[in-house]
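Here the structure is laid out as structure tokens; the discussion comes afterwards.
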Amino acid sequence: MQKKEPNHTKKSPIGSQQRDISGHDSARLQALLSSIGEGVITTNENGAINRINQTALDLLGIRHSEAIHKHFLEVVVPVYDNGNIINVFDRPIVKALQTGKPVSQRVNYLLKHNAILPVQTTISPIVMHGKPIGAVEVFRDLTAEIESDKLKSDFISIASHQLRTPLSAINMYTRMLQDGLAGDLTPEQKPYIETVLTSVKRMNTLISTLLNITRIEAGGIVIKKQRVYADELSREILAEFTPAAQAKSITLVADLPTHIAPIRTDSVLVKEICANLLSNAIKYTPKGGTVTFSLASTDKEVTWCIIDTGYGIPEIDQKNIFLKFFRASNIVSKDVSGTGLGLYLIKNIAESIGGDVWFESTENVGSTFCFSMPLTSA
Ligand code: ADP
């Protein structure tokens, strides 16, 4: 239904034509805005605030008179995590108005006395007859969520550390049993001991992954840059995974150049990424398949690609593959153990060292996962 044009349009105090609504509608709208538990601010096409609800005022710690008819950019000041004010052109409202599309973002707002309020905001342009007539922002306070995420991360971190100690005792004593330090093992006992050791290894890997995730989410990953020879590192990784490939009769093909220029990066983190991708390729390729580990370089970057002839990833799952705990639907029925944490972790690690991870995959044909790092002179 077309809304009736009001006959008492008035000039807005900030100089733009502002369409007003009847007093009754206005009161209803105000009551509606007041009852919303999230902050709501609307602006006219020039960015001047024409409505702001009580939640927004409370969250921003300002009075109505300090916001109304003022420019949005003056009232709402977003800052980066380090406290620096976000450049005008990178602000969500400017992006929303420039692109004509809603922008959702996690930002921090700078409040009075330099207090910081973390918020999740969505700013959408208001379009009428094809023309932008303003913007509406809806935002909510993330303080409690951040606090609870931190508690969760602290819990995982403490629990993981506490699990490590008994696990290393299990590992040590099982190895002593395996080495015959408590007498010879019977042929029946030997495979049991091996199963215990394999499980201990898996649990150790899981604990390391969880600890790394907590570190990366807390922004606490330490990057130790050194001169890294990608070809040598790749040979080391391949050697580590040769027994696992042989155990599944998988042909491991190395496609490595003999010499490439060194890169300046963290070798432990690069190794973690490549090892994770290679381990997945072996894990998700059935017996008798082929996994190729290739390394190539240009004058700008080095790129590892791990190509397998495995189960592949269904198209419908591909957009979610880097999400935490996500496992593709074709794998769930295949009884291949996993947590859905590896790719989430390595994507984050890659980004934190300036690299990138991406993939292509066809179900029942295979996958290619690649990781590239910019080549900065060592
Ligand atoms: P995990 O392997 O522990 O489940 P990852 O985060 O490493 O966790 O991988 C997430 C999901 O991505 C896997 O569960 C699997 O469904 C899919 N996946 C990853 N690598 C491959 C691959 N090379 N081939 C097929 N599917 C893969």
Side-chain angles (χ1 to χ4, degrees), residues 153 156 160 163 198-217 221 234 237-238 240-242 244-255 268-295 303-353 355-372:
S153 298
I156 293 177
S160 311
L163 286 172
T198 312
S199 301
V200 167
K201 199 171 163 203
R202 270 194 17 222
M203 199 147 164
N204 253 324
T205 312
L206 178 61
I207 291 173
S208 304
T209 306
L210 288 172
L211 282 172
N212 281 334
I213 286 178
T214 25
R215 270 187 214 122
I216 216 153
E217 286 181 346
I221 190 159
S234 305
I237 300 167
L238 267 168
E240 267 173 42
F241 282 89
T242 304
Q246 277 168 353
K248 274 185 89 180
S249 311
I250 285 175
T251 312
L252 200 52
V253 180
D255 181 7
V268 175
L269 298 178
V270 167
K271 201 168 169 182
E272 169 102 20
I273 296 170
C274 292
N276 223 299
L277 295 177
L278 188 53
S279 151
N280 273 353
I282 296 170
K283 191 160 77 170
Y284 296 114
T285 298
K287 273 181 190 260
T290 303
V291 171
T292 307
F293 187 89
S294 80
L295 170 68
T303 305
W304 284 265
C305 281
I306 292 99
I307 307 147
D308 67 54
T309 57
Y311 303 125
I313 301 165
E315 214 179 319
I316 190 164
D317 292 327
Q318 295 193 1
K319 61 179 182 308
N320 296 323
I321 219 71
F322 291 109
L323 297 182
K324 196 152 71 169
F325 296 118
F326 185 83
R327 304 200 71 207
S329 48
N330 60 333
I331 295 310
V332 179
S333 60
K334 286 217 162 56
D335 195 29
V336 185
S337 69
T339 55
L341 289 172
L343 290 180
Y344 168 78
L345 175 68
I346 63 164
K347 179 90 176 159
N348 277 281
I349 296 179
E351 282 167 7
S352 66
I353 55 174
D356 194 17
V357 176
W358 71 97
F359 73 98
E360 276 173 16
S361 184
T362 308
E363 195 176 359
N364 297 322
V365 175
S367 312
T368 298
F369 277 84
C370 297
F371 161 49
S372 68

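Please read these numbers as outputs of a predicted model, since none were measured by experiment. Residue numbers run from 1 in the order of the sequence given. Atoms within each ligand, like the ligands themselves, are counted from 1 in listed order.
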Can you measure from [atom1] ([X]) to [atom2] ([Y]) and round to the nearest 0.5 angstrom?
X      : Y      : atom1 : atom2 : result
Cys274 : Ile237 : SG    : CD1   : 4.5 Å
Ile216 : Leu211 : CD1   : CG    : 12.5 Å
Asn330 : Ile316 : CG    : CD1   : 11.5 Å

Distance-only donor-acceptor check, side chains [X] and [Y], under 3.5 Å:
X      : Y      : answer
Ser234 : Trp304 : yes
Ser367 : Ser361 : yes
Asp317 : Ser329 : yes

What residue and heavy atom of the protein are closest to [atom], and at what distance?
atom                    : value
atom 17 (C) of ligand 1 : Ile321 CD1, 3.9 Å
atom 6 (O) of ligand 1  : Leu343 N, 2.7 Å
atom 3 (O) of ligand 1  : Thr339 N, 2.7 Å
atom 14 (O) of ligand 1 : Arg327 NE, 3.0 Å
atom 7 (O) of ligand 1  : Asn280 ND2, 2.8 Å
atom 13 (C) of ligand 1 : Tyr284 OH, 3.4 Å
atom 26 (N) of ligand 1 : Ile313 CG1, 3.4 Å
atom 11 (C) of ligand 1 : Phe326 O, 3.7 Å

Can you sort out which atoms of ligand 1 are near [X], meaning under 4.0 Å from one of its heavy atoms?
X      : answer
Leu341 : 6 (O), 8 (O)
Gly338 : 1 (P), 3 (O), 4 (O)
Ile331 : 15 (C), 16 (O)

Does ligand 1 have an atom under 4.0 Å from some heavy atom of Phe359? no
Contact between Gly310 and ligand 1, counting heavy atoms under 4.0 Å?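 Gly310: no contact with ligand 1 (<4.0 Å).
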What closest approach, in Å, do [X] and [Y] show between heavy atoms, and which atom pair accounts for it?
X      : Y      : value
Lys324 : Glu217 : NZ-OE2, 2.7 Å
Thr290 : Thr309 : N-OG1, 2.9 Å
Lys347 : Asp356 : NZ-OD1, 3.2 Å
Ile282 : Ala244 : CG2-O, 4.1 Å

Taking distance alone, with no angle check, do [X] and ligand 1 share an N/O pair under 3.5 Å?
X      : result
Lys283 : yes
Asn276 : no
Ala328 : yes

Answer side chain, backbone, both or neither: which part of Asp308 comes under 4.0 Å from ligand 1, heavy atoms only.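 Near ligand 1, Asp308 shows its side chain, while the N, CA, C and O stay back.
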Could you check if a side-chain atom of Tyr284 sits within less than 4.5 angstrom of a side-chain atom of Ile331, using non-hydrogen atoms only? yes
